[in-house]
Chemist: 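Structure provided below as structure tokens; questions to follow.
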Amino acid sequence: MPSPDQAKPDRNLALELVRVTEAAALAAARWVGRGDKIAADGAAVDAMRFVLDSVAMDGVVVIGEGEKDEAPMLFNGEDIGDGSPPQVDIAVDPLEGTRLCALGMPSALAVIALAERGSMFDPGPCVYMEKLAGGEDIADLLDLDRPLVETCKLVAERRGGSIGDVIVVVLDRPRHEEQIREIREAGARIRLITDGDVSAALLAVSERSPVDLLWGIGGTPEGVLSAAALKSMGGQLLGRLWPRNDEERNAAIDAGYDLDRILTADDLCSGEDVFFSATGVTDGDVLQGVRYRGKGATTESLVMRSRSGTVRRIQATHDRSKLREIAGGVERYG
């Protein structure tokens, strides 16, 4: 067993993690609009791994990205960092919204979260989960067992408006068509997104956003990453594992998962000292994307630490030639 000094971070690792997401975003941004999501993801993965290895920590990837589509990835169980304390769990999505990046569409992000060892939920064989998220003032109204239309009405009442004022962000997928129809028939509004439900979760809990709720069946890794962010931002995310087929369902049951259990943000990320960083790749509602200007580039990031409740918005300017020197001449950073 690690000693308490080894198990708990004693410095603000979020300020080191922002270098990681900046590097991934800068690398992926060179592929924006070029139609190759695998190349974009691979560039982000390589850059993220390169910088992560320089961070003073003994990390293990608990939530990796790539299993569901055989994309390049930082794989589950991979050791990350220089091996020194603290011992931490890491959740990564080097490029959330690979298709968004490839098509030059909004809201692609580079994302990472970190927490004490053993505090992040391992979804096992379940790639997807049903999710519902909203801000702090309506967190007690969220309920995956109640019809979503009823929740929309309660949110409208709580916020002093009508159901026509409520906006729900939903992934545009055939599996959501019936629920979308019911929401619209009730008078609430829908914001459809093609990908990127970490960005959508941040949007749903942000005080600066017109969006009231996130609902839908999306990636379980993104659920854990979103929960890590909510530990600092406030609000709530509820999740319920959603097996895609009988094989996945049976594997989850055999592994001891309760498929009826409602998971809260604290269940998904139970750490007391959680760090989160996201950097924009393409422009979106939450973050500005990478902008190249001559020999430089600019990035915008959200950086959070749950222990202090601090949420920082960091705008940075990067000298691309110096970044390439640091990376040993490899074109990781464009």
Side-chain angles (χ1 to χ4, degrees), residues 14 107 109 111 113 115 121 129-171 176 179-180 182-184 186-193 196-218 222-240 261-278 284-287 302-313:
S107 299
L109 303 175
V111 186
F121 179 77
M129 67 178 357
E130 181 183 8
K131 288 177 273 191
L132 178 63
E136 194 165 11
D137 64 319
I138 60 169
D140 61 310
L141 302 179
L142 304 183
D143 187 340
L144 283 174
D145 290 324
R146 181 197 303 126
L148 184 57
V149 167
E150 295 302 314
T151 298
C152 290
K153 292 177 181 177
L154 291 172
V155 169
E157 182 180 350
R158 173 71 59 84
R159 291 184 167 169
S162 69
I163 193 169
D165 299 323
V166 174
I167 299 177
V168 185
V169 61
V170 182
L171 280 168
H176 296 152
Q179 188 66 265
I180 289 170
E182 291 179 3
I183 294 169
R184 286 172 169 164
R189 294 180 286 164
I190 296 285
R191 178 183 288 199
L192 288 175
I193 57 172
D197 52 351
V198 172
S199 177
L202 296 177
L203 200 61
V205 303
S206 173
E207 294 180 354
R208 299 166 31 151
S209 166
V211 170
D212 298 281
L213 296 167
L214 160 73
W215 175 83
I217 297 161
E222 289 84 351
V224 176
L225 283 161
S226 299
L230 267 58
K231 300 283 283 192
S232 296
M233 293 185 73
Q236 181 60 277
L237 182 144
L238 303 180
R240 178 163 48 199
R261 180 186 175 193
I262 303 298
L263 300 160
T264 67
D266 283 334
D267 293 322
L268 293 169
C269 187
S270 62
E272 296 179 359
D273 202 8
V274 181
F275 304 86
F276 177 90
S277 179
D285 293 304
V286 176
L287 288 166
L302 277 176
V303 185
M304 313 179 199
R305 185 181 191 181
S306 68
R307 177 183 288 179
S308 62
T310 303
V311 179
R312 291 180 170 92
R313 188 173 292 267

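The basis for the numbers below is simple: all heavy atoms, side chains too, and nothing from hydrogens, waters or symmetry mates.
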Chemist: May I ask you to decide whether D137 forms a salt bridge with R158, counting only side-chain N to carboxylate O separations under 4.0 Å?
Modeler: no
Chemist: Measure from the side-chain N and O atoms of Q236 to the backbone N and O of G134, and report whether any donor-acceptor pair falls under 3.5 Å.
Modeler: no
Chemist: List in chain and number order the residues that pass side-chain contact (heavy atoms from CB on, under 4.5 Å) with E182, two or more places apart in sequence or in another chain; answer none if no residue qualifies.
Modeler: V149, E178, Q179
Chemist: Going through the distances and angles, do L287 and R313 end up as a side-chain contact (heavy atoms from CB on, under 4.5 Å)?
Modeler: CA-CA 9 Å; L287 288 166; R313 188 173 292 267; 3.6 Å; yes
Chemist: Would you compute the distance between atom CE of M129 and atom CZ of R240 and round it to the nearest 0.5 angstrom?
Modeler: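 Spacing of CE (M129) from CZ (R240) equals 10.5 Å.
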Chemist: Does E136 CD have over 12 foreign heavy atoms under 6.0 Å away?
Modeler: no
Chemist: Under 4.0 Å between a Lys/Arg side-chain N and an Asp/Glu carboxylate O for D197 and K131?
Modeler: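 A salt bridge is present here (some side-chain N lies under 4.0 Å from a carboxylate O).
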Chemist: Could you grab the distance from atom OG of S232 to atom CZ of R312, nearest 0.5 Å is fine?
Modeler: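 Here the interatomic distance stands at 10.5 Å.
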Chemist: So, for D212 and R159, which heavy atoms are closest and what is the spacing to 0.1 Å?
Modeler: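 Nearest pair, atom of D212 first, then R159: OD1-NH1, 2.6 Å.
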Chemist: When rounded to the nearest 0.5 angstrom, what is the spacing between CD1 in I190 and CD1 in I183?
Modeler: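 Result: 3.5 Å between the selected atoms.
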Chemist: Under the side-chain contact (heavy atoms from CB on, under 4.5 Å) rule, collect the residues that match up with R189, sequence neighbours excluded.
Modeler: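 With neighbours one apart ignored, the set is I167.
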Chemist: Output the distance between atom NZ (K231) and atom CG (L237), rounded to the nearest 0.5 Å.
Modeler: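 These two atoms lie 12.0 Å from each other.
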Chemist: Is the closest side-chain heavy-atom distance between R191 and D285 below 4.5 Å?
Modeler: yes
Chemist: What side-chain donor-acceptor pairs closer than 3.5 Å can you find for residues 200-211, not counting sequence neighbours?
Modeler:
unit_1 : atom_1 : unit_2 : atom_2 : d
S206   : OG     : R208   : N      : 3.1
S209   : OG     : L203   : O      : 2.9
S209   : OG     : V211   : N      : 2.9

Chemist: Closest heavy-atom contact between L132 and L144?
Modeler: CB-CD2, 3.7 Å
Chemist: Treating H176 as the side-chain partner and G216 as the backbone partner, does any N or O pair qualify as donor plus acceptor under 3.5 Å?
Modeler: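 Here the side-chain-to-backbone pair does not exist.
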Chemist: List the atom of L148, the atom of W215, and the distance in Å for their closest heavy-atom pair.
Modeler: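 Taking L148 first and W215 second, the nearest heavy atoms are CD2-CG, 3.5 Å.
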Chemist: Report the distance from atom CZ of F276 to atom CG of L230, rounding to the nearest 0.5 Å.
Modeler: 9.0 Å
Chemist: For F121 and V224, which heavy atoms make the closest approach, and how far apart are they?
Modeler: O-CG2, 3.9 Å
Chemist: For V303, is there any backbone N or O sitting under 3.5 Å from a side-chain donor or acceptor partner on S277?
Modeler: no
Chemist: If you measure from OG1 on T151 to CD1 on I138, what distance do you get to the nearest 0.5 Å?
Modeler: 9.0 Å
Chemist: What pair of heavy atoms forms the shortest contact from D143 to L238, and how long is it?
Modeler: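 Scanning both residues, the minimum pair turns out to be N-CD1, 3.8 Å.
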Chemist: M304 versus V274: any side-chain heavy-atom pair under 4.5 Å?
Modeler: no
Chemist: Mind listing the closest non-hydrogen atom pair of S107 and G284 along with its distance?
Modeler: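 Here S107 and G284 meet closest at OG-CA, 3.6 Å.
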